[in-house]
Amino acid sequence: PLFLSNGVGLDVILLWHFHQQSAMSCYRLPPSRHKAKVRSFCFDRSGEKFSCIYSSGESALFSLDSLPSNGINIDCDACMDIFPEGEGNDVTFLGKSSSVVMGTGGVGGGG
């Protein structure tokens with residue numbers, strides 16, 4: 001089985017095979033995007049894609065179909081700022097979809 005974990009860097013997600021000593025792949029936002037902490041991630045029903053949401057309010061979609069075996073960095077397939085000027089909390093795929101994600105978070109905030 002495969003599982004995901006937060007990596008050493010803020011925006012890094014590591015993909016592992018269960019019982020392995022090192023990660024198979026490293027997923028991250030493209031360099032042009034704001035670096036932020038990964039808050040939540042989930043696999044789609046097929047297990048071929050996963051999505052994550054960052055503290056910056058951005059969400060990214062990654063595909064596992066071109067999985068490299070050498071642990072290289074992989075940029076996301078799609079990235080969108082769901083909560084501009086806000087903060088992301090959680091993400092999930094909508095029903096059986098592999099491309100529609102729902103995110104929770106907040107915009108602005110005051111005190």
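FYI, side chains are in, hydrogens and waters are out, and symmetry mates aren't considered; it's all heavy atoms of this structure. Remember, predicted model here, so these are calculated numbers, not experimental data. We number each residue from 1, following the sequence as shown.
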Problem - Close side-chain approach of F50 and C42, heavy atoms under 4.5 Å - result: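 A side-chain contact under 4.5 Å is absent here.
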Exercise for the section: Determine whether C79 and E58 make a side-chain contact, defined as any pair of heavy atoms from C-beta on separated by less than 4.5 Å. Expected result: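 Yes. Closest side-chain heavy atoms under 4.5 Å.
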Practice task
Identify whether F43 and Y54 are in the same connected component of the hydrophobic contact network (ILVMFWY, side-chain heavy atoms under 4.5 Å).
Solution key: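 Same cluster.
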Can you name the closest pair of heavy atoms from [X] and [Y] and give their distance?
X    : Y   : value
D77  : S63 : OD2-CB, 2.8 Å
C52  : F41 : CB-CB, 3.7 Å
I53  : N89 : CG2-C, 3.9 Å
S97  : S99 : OG-N, 3.0 Å
M102 : L94 : SD-CD1, 3.5 Å
I82  : S59 : CD1-CB, 3.2 Å

Handout entry: Separation of S51 OG from M80 CE (nearest 0.5 Å)
Key =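 One finds 12.0 Å between CE of M80 and OG of S51.
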Practice task
Could you tell me which residues satisfy side-chain hydrogen bond (donor to acceptor under 3.5 Å, both in side chains) with S46, sequence neighbours excluded, listed by chain and number?
Solution key: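 For S46 the side-chain hydrogen bond (donor to acceptor under 3.5 Å, both in side chains) partners, ignoring immediate neighbours, are D44.
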Practice task
Please identify each residue that fulfils side-chain hydrogen bond (donor to acceptor under 3.5 Å, both in side chains) with D90, with sequence neighbours left out.
Solution key: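 Checked D90 against side-chain hydrogen bond (donor to acceptor under 3.5 Å, both in side chains); matches are S40.
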Problem - Test side-chain contact (heavy atoms from CB on, under 4.5 Å) applied to S55 and R39, step by step - result: CA-CA 6 Å; S55 59; R39 283 286 178 91; 3.8 Å; yes
